[in-house]
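Take a look at the structure set out below.
Predicted model, so just to flag it, every value in this text is computed and none were measured. Quick note: numbers below take in every heavy atom, side chains included, and nothing from hydrogens, waters or symmetry partners.
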Amino acid sequence: MNGMSGLSGMSGIEFFHYPWDDHPTALVWGVRVDGTDLRALAARATRELWRPELEDQFEEEEQERESAELIWRQHDGLGVLDFTGNHFLDAADRTPLLGCPCGIWQCWALLARIGTTSTTVTWSAFHQPEREEWGELPIGPFAFERTAYETALRNPPVLREDPLGPPSF
């Protein structure tokens, strides 16, 4: 999947905050790349990888719906109090971009390599540390114009609810 878009070859980035389901007063980071929630990108990239594990996990008539819901909601944002905006600018090979919906981000994180230059921020080499056998996931790479990235990071809007919505594969 190529994350490049627009005439400049750069992807668009949006950061936002939304209430965490289990504790609505606690906010988490949300991310959209080129208008698509990062959680949706991760769900689409891992759907087929999940199939063998989820086979026969639910009643036959509920299998497809329950599996889709689990895959779609496998990640949540990172806690605002735990992760400052600067976290998303730290150049590193294994940076968490999403966490587990249980609230303990480490138990099901989506990690990526963040690279920075004076003019760009890149995200690449997405992977699930709890499923190393999946290898690098087919997400990105994404290159963002650094000034736009920093502006989005500095001024995230606070949404009233989680914008993810129902599964859409």
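Contacts of Trp20 classified as ring-ring contact (aromatic ring centres under 6.0 Å, His included), with partners at least two apart in sequence or in another chain: His23. Residues passing the side chain to side chain contact (heavy atoms under 4.5 Å, CB included) test with Glu136 are Ala125, sequence neighbours excluded.
Summarising the local packing, CD of Glu60 is surrounded by 12 or fewer heavy atoms from other residues, nucleotides or ligands at distances under 6.0 Å. Counting heavy atoms of neighbouring residues, nucleotides and ligands inside a 6.0 Å radius, atom CD of Glu59 does not exceed 12 of them. Environment of CG in Leu159: crowded, with over 12 heavy atoms of neighbouring residues, nucleotides or ligands closer than 6.0 Å. Dense packing is recorded around CD of Glu132, with more than 12 heavy atoms of other residues, nucleotides or ligands lying under 6.0 Å away.
Between Phe15 and Phe88, the ring planes lie tilted relative to each other; the angle falls in the 30° to 60° range. Ring-plane geometry between Phe126 and Phe142 is classed as perpendicular, the angle between the planes exceeding 60 degrees on a 0 to 90 degree scale with a lower cut at 30. Between Phe169 and Trp72, the angle of the ring planes goes over 60°, which puts this pair in the perpendicular group of the 30/60° scheme.
The minimum heavy-atom distance between Arg73 and Asp162, with the atom names listed, is NH1-OD2, 3.5 Å. When all heavy atoms of Ala109 and Gln128 are compared, the pair lying nearest together is O-OE1, 2.9 Å.
For the pair Leu98 and Leu78, the minimum side-chain heavy-atom distance is 4.5 Å or more. The shortest distance between side-chain heavy atoms of Ile139 and Val33 does not fall below 4.5 Å. Taking the side chain as every heavy atom from C-beta outward, Arg131 and Trp50 approach each other to under 4.5 Å.
Residue Arg65 forms a side chain to side chain donor-acceptor pair (under 3.5 Å) with just one option from Glu62, Glu69, Gln63, Glu61, and that option is Glu62.
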task: Any chance you could lay out the side-chain hydrogen bond (donor to acceptor under 3.5 Å, both in side chains) test for Thr46 and Gln74, step after step, and finish with the verdict?
output: CA-CA 10 Å; Thr46 60; Gln74 68 183 297; 2.8 Å; yes
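Note that the CG atom of Asp37 and the CZ atom of Arg32 stand 6.5 Å from one another [nearest 0.5 Å]. Going from atom CG of Leu97 over to atom CZ of Arg39 covers 13.0 Å, rounded to the nearest 0.5 Å.
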